[in-house]
**Q** 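Dumping the structure here so I can ask a few things about it.
The chains referred to below are lettered A, B, ... by the order of the sequence lines, with proteins before strands, and numbering in each begins at 1.
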Amino acid sequence: MKILVCISHVPDTTSKINFTENDTKFDTNGVQFVINPNDEFGLTRAIWFKEKQGASVTVVNVGGTETEPTLRKALAIGADEAIRVNAEPTDGFFVAKQLAKVVQDGGYDLIIAGRESIDYNGGMVPGMLATLTNANFVNTCIGLEIDGNTATAIREIDGGKETLKTNLPLVVGAQKGLVEESDLRIPNMRGIMMARKKQLAVTEPAEATQATKAVQFEKPAPKGEVKLISPDNVDELVDLLHNEAKVI
Amino acid sequence: MSVLVYTESENGNFKKIAFETASYAKEVANMLGTTVTAIAINVENPSELSKYGVDKVLTVNNDKLTNFNAKAYADAIRQAATKESAKVVVINSSANDKYLAPVLAVDLNAGYASNVVALPVSTEPFKVKRTAFTNKAFNITAINADVKLIGLAKNSFGLKESDGAATAEAFEPSLKDEDFNISVKSVDKATGKVTIADAEIVVSGGRGLKGPENWGMIEDLAAVLGAATACSKPVSDMGWRPHEEHVGQTGKPVASNLYIAVGISGAIQHLAGINASKVKVVINNDPEAPFFKAADYGIVGDAFEVVPKLVEKLKEFKANNA
């Protein structure tokens, strides 16, 4: 089985978010970048398939040279090879079209991408990629078994879960639950050394138009002071929630 | 050229988000000087949409669509959009809508903006405000494609009633066999439990609860408020609560009217996940907990004393206001 894992290079979850150039660009100054957490769950499941059932795992990212350390980390965790599509990932549709070309060129059976990245939160790449490549698609996936050409997937729905059956090729929108948090891997020295020898191919982007563009950013308005209530006077809280906030 | 809105339903009845999405679509249609057409799948009473400004409802009745199916639903919505020559299509940001939206966007060759929180900033060029960086910021997104697909963030617009009468028109999309390449084997859904996605109020517990055996008071507080229960990341990582209750940047986002955090210090990732909630209450015995900076109301105190007292006071309040 050939598995492709799509990796987004995103600011660490603890990052403070700021903007530059008159609030038109994300300020990367001092920001640590990581593998998008939803992608990391997917990558870990892919490595599991490789180790338990036999599979090759390729990771791919659409981005500039600055994203290569993130791809190298994925290689150190256990991916076999990496591809970087040399383009700025400005729009989900554009990114999905680049990834679709990689999928078509590589003939992958299973493609895993995070259900959304934690930067732009568009949540569009896995579904668009599936549709562009005519593959089946399961989003918010929290369980996945592959037997030959058949996939059994569990997806989270509002208030529960649903078990689905489908065939490969399949695109999965991964999230927490696909593997346990404790199963996520930290690259060890051997993995880091081996990653240096693994192939990181760079391909030029296919022509694709940009359907959307983030033109301006803003931060939420500053919050007023918290209204503190004495623990001996919870009546006051009930009153405030009813009469002031009007939420009960 | 109408604005098309997909109105989500369950077991034959519209979900509340359907009315919110329709209310939003009406305002967008007013901005564009056009009408609103809704597509409703297997709904018993489509005329309910009249109250929210819908002019026409395309009613789809098809047993094959009893279970949600992203590809088939997207196919049906695409055909409705084409029939109505819709240049703007509005859906919601529920789990199902987010599942089908990117499929629909490709089918329609549309520009898709998800998590939209307000009416378009402008229609020429078409720009919308959406959340980014998991609610740590907003961005104005320009949609350059001919067809614009808007995913409205839940609870961001509210319900807006308007006069009118929606006409119903039966609509039979032609569905392909490949729309049904995925089959549902089983659905495991808690009945009678308020889900985080649908909840107006969410009560959430953190490490300050000291162990899963103490969750009873969180459930009591949720029960008296008709709220959903949730938890912080460490709590789900330790297995005290299931991961579907984990709220935060890598868990579920919450956009409730009221969010009550008990024993949660307020890590930046947790705050990002709950930022879209309107009113936040924090109960924590550490006055330095960062969550107090993000809260509207706070009680510095021992949760094991405060929460049972609050449950009693809320019970009295409910009894007096029944």
Side-chain angles (χ1 to χ4, degrees), chain A residues 13-14 17 37-38 92-93 118-128 130-132 136-140 152 156-167 176-177 181-182 210-220 223 226-229 231 234-235 237-238 240-242 245 247-248, chain B residues 70 94-95 98-99 102-103 105-106 111-115 131-134 136-145 181-190 193 195 197-198 225 237 243-244 249-251 257-258 268-269 279 292 294-301 305-306 309-310 313-314 317:
Chain A
T13 58
T14 58
I17 304 299
N38 289 312
F93 211 160
I118 62 162
D119 49 6
Y120 289 88
N121 307 110
M124 57 182 87
V125 168
M128 286 180 168
T131 312
L132 289 167
N136 294 314
F137 171 46
V138 175
N139 206 17
T140 55
T152 304
E156 191 171 298
I157 57 174
D158 288 343
K161 55 191 178 182
E162 190 177 71
T163 303
L164 304 163
K165 211 152 198 124
T166 190
N167 292 324
K176 187 180 178 190
E181 184 95 11
S182 53
Q210 199 180 333
T212 62
K213 186 170 192 235
V215 290
Q216 186 84 32
F217 295 91
E218 58 186 75
K219 289 169 77 167
K223 187 110 193 87
V226 59
K227 205 173 259 187
L228 285 177
I229 296 138
V234 291
D235 268 341
L237 178 61
V238 175
L240 287 166
L241 292 177
H242 181 60
V247 287
I248 60 169
Chain B
S94 69
K98 280 190 165 177
Y99 190 176
V103 178
V106 173
Y112 168 44
S114 58
N115 305 318
T131 58
F133 299 95
T134 324
K136 289 179 192 167
F138 299 103
N139 84 47
I140 305 292
T141 295
I143 307 180
N144 306 318
N181 278 349
I182 298 182
S183 56
V184 177
K185 290 295 156 199
S186 65
V187 178
D188 178 9
K189 199 167 172 174
K193 190 172 183 262
T195 66
D198 295 327
L225 288 165
D237 288 351
H243 69 80
E244 60 263 27
Q249 196 160 13
T250 54
N257 286 329
L258 172 60
I268 190 168
Q269 299 97 326
V279 177
F292 283 113
D296 298 279
Y297 304 107
I299 294 181
V300 179
E305 289 170 19
V306 174
K309 264 197 263 179
L310 184 58
K313 293 294 174 192
L314 283 165
F317 168 81

**Q** Does any part of the side chain of B:Tyr99, heavy atoms only, come nearer than 4.5 Å to the side chain of A:Thr140, both counted from C-beta?
**A**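 No; the side chains remain at least 4.5 Å from each other.
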
**Q** Identify which of B:Thr195, B:Val279, B:Leu225, B:Thr141 forms the greatest number of heavy-atom pairs closer than 4.5 Å to chain A.
**A** B:Thr141

**Q** For A:Thr212 and B:Ile143, indicate whether the former's side chain and the latter's backbone hold a donor-acceptor pair under 3.5 Å.
**A** no

**Q** Side chain from CB out, backbone as N, CA, C, O: work out which of these in B:Asp296 comes under 4.5 Å of a heavy atom of chain A, or both, or neither.
**A**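 Both backbone and side chain.
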
**Q** Does any part of the side chain of A:Lys176, heavy atoms only, come nearer than 4.5 Å to the side chain of B:Asp237, both counted from C-beta?
**A**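 Yes, their side chains come closer than 4.5 Å.
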
**Q** Taking every heavy-atom pair that is under 4.5 Å apart, which of B:Asn115, B:Thr250, B:Asp198, B:Asn139 has the most such pairs with chain A?
**A** B:Asn139

**Q** Considering only heavy atoms, which portion of A:Glu181 lies under 4.5 Å from any heavy atom of chain B: side chain, backbone, both, or neither?
**A**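 It is the side chain, since no backbone atom gets that close.
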
**Q** Does any backbone or side-chain atom of A:Leu237 lie under 4.5 Å from a heavy atom of chain B? Answer side chain, backbone, both or neither.
**A** side chain

**Q** I'd like to verify something: which residue of B:Val103, B:Val306, B:Leu258 has the highest number of heavy-atom pairs under 4.5 Å with chain A?
**A** B:Val103

**Q** Indicate the atoms forming the closest heavy-atom contact of B:Val184 with A:Glu162, along with that distance.
**A**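 So the minimum-distance heavy-atom pair works out to CG1-CG, 3.8 Å.
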
**Q** Testing the basics here: between A:Val226 and B:Gly298, what is the closest heavy-atom pair and its distance to 0.1 Å?
**A**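 Smallest interatomic distance, heavy atoms only, reads CG2-N, 3.6 Å.
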
**Q** Could you pull out the closest heavy-atom pair between A:Ala211 and B:Gly111, with the gap in Å?
**A**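 Heavy atoms of A:Ala211 and B:Gly111 come nearest at CB-CA, 3.8 Å.
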
**Q** For the residue pair A:Asn167 and B:Asn181, establish whether any side-chain heavy-atom pair is separated by less than 4.5 Å.
**A** no

**Q** Output the option from B:Ala145, B:Ala197, B:Ser183, B:Ala294 having the highest count of non-hydrogen pairs under 4.5 Å with chain A.
**A** B:Ser183

**Q** Against chain A, work out which of B:Ile268, B:Asn257, B:Ile182 has the most heavy-atom pairs shorter than 4.5 Å and name it.
**A** B:Ile182

**Q** Is it the backbone or the side chain of A:Lys223 that comes under 4.5 Å from a heavy atom of chain B, or both, or neither?
**A** side chain

**Q** Could you tell me which residues satisfy salt bridge (charged side-chain N to carboxylate O under 4.0 Å, His left out) with B:Lys309, sequence neighbours excluded, listed by chain and number?
**A** A:Asp232

**Q** Hey, which of B:Gly251, B:Ala113, B:Ala137 has the most heavy atom pairs under 4.5 Å with chain A?
**A** B:Ala137

**Q** Select one option (side chain, backbone, both, neither) describing which atoms of A:Ile17 are under 4.5 Å from chain B's heavy atoms.
**A**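 For A:Ile17, the side chain is the part near chain B, not the backbone.
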
**Q** Mind ranking A:Gly160, A:Pro126, A:Gly159, A:Pro37 by heavy-atom pairs under 4.5 Å with chain B and telling me who comes out on top?
**A**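 Most heavy-atom pairs within the cutoff with chain B belong to A:Gly159.
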
**Q** Please examine the side chains of A:Leu241 and B:Leu314, heavy atoms only from C-beta on, and report whether any two atoms are closer than 4.5 Å.
**A**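 Answer no - side chains too far apart.
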
**Q** For the residue pair A:Tyr120 and B:Phe133, categorise the inter-ring angle as parallel (less than 30°), tilted (30 to 60°) or perpendicular (more than 60°).
**A**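 If you compare the ring of A:Tyr120 with that of B:Phe133, the planes turn out tilted.
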
**Q** With distance as the sole test, does B:Asp188 use its side chain to make a donor-acceptor pair with the main-chain N or O of A:Lys161 at under 3.5 Å?
**A**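 It does not hold such a pair.
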
**Q** Chain B: which of A:Val138, A:Thr152, A:Leu132 shares the most heavy-atom pairs with it under 4.5 Å?
**A**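 Maximum pair count with chain B is reached by A:Val138.
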
**Q** Let me know if B:Ala70 has heavy atoms under 4.5 Å from chain A in its side chain, its backbone, both or neither.
**A**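 Neither part; nothing is under 4.5 Å.
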
**Q** In terms of heavy-atom proximity below 4.5 Å to chain B, should A:Val125 be classed as side chain, backbone, both, or neither?
**A** neither

**Q** Could I get the full list of salt bridge (charged side-chain N to carboxylate O under 4.0 Å, His left out) partners for A:Lys213, not counting sequence neighbours?
**A**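 Result, salt bridge (charged side-chain N to carboxylate O under 4.0 Å, His left out) vs A:Lys213: none returned.
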
**Q** Would you indicate whether the side-chain heavy atoms of B:Leu310 and A:Val238 approach each other to under 4.5 Å?
**A**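 Counting from C-beta outward, A:Val238 and B:Leu310 do come under 4.5 Å.
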
**Q** Would a 4.5 Å heavy-atom cut-off, applied to side chains only, mark B:Thr131 and A:Asn121 as touching?
**A**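 With C-beta onward as the side chain, the pair stays apart.
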
**Q** Between B:Phe317 and chain A, which part of the residue has a heavy atom less than 4.5 Å away: side chain, backbone, both or neither?
**A**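 Contact with chain A involves the side chain of B:Phe317 alone.
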
**Q** When only pairs under 4.5 Å are counted, which of A:Lys165, A:Gln210, A:Lys219 shares the most heavy-atom pairs with chain B?
**A**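 Looking at each of A:Lys165, A:Gln210, A:Lys219 in turn, A:Lys165 comes out on top.
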
**Q** For the atom pair CD (B:Glu244) and CD1 (A:Ile157), what is the distance rounded to the nearest 0.5 Å?
**A**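 Here the interatomic distance stands at 10.5 Å.
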
**Q** Of all of A:Val234, A:Thr131, A:Thr163, which one pairs up most often with chain B through heavy atoms under 4.5 Å apart?
**A** A:Thr163

**Q** At a 4.5 Å cut-off on heavy atoms, which part of A:Ala130 comes close to chain B: side chain, backbone, both, or neither?
**A** neither

**Q** Please flag which part of B:Lys193 lies under 4.5 Å from any non-hydrogen atom of chain A: side chain, backbone, both or neither.
**A** neither

**Q** Would you say B:Tyr112's side chain and A:Phe93's backbone share a donor-acceptor pair under 3.5 angstrom?
**A** no

**Q** Taking all heavy atoms of B:Ile140 and all of A:Glu218, pick out the closest pair and write down the distance.
**A**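 What the structure gives for the nearest pair is CD1-OE1, 4.4 Å.
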
**Q** Does some side-chain heavy atom of A:Thr14 sit less than 4.5 Å from a side-chain heavy atom of B:Gln269?
**A**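 In contact.
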
**Q** Could you tell me which non-hydrogen atom of B:Pro102 sits nearest to which non-hydrogen atom of A:Gly123, and how far apart they are?
**A**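 Residues B:Pro102 and A:Gly123, closest heavy atoms: CG-O, 3.9 Å.
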
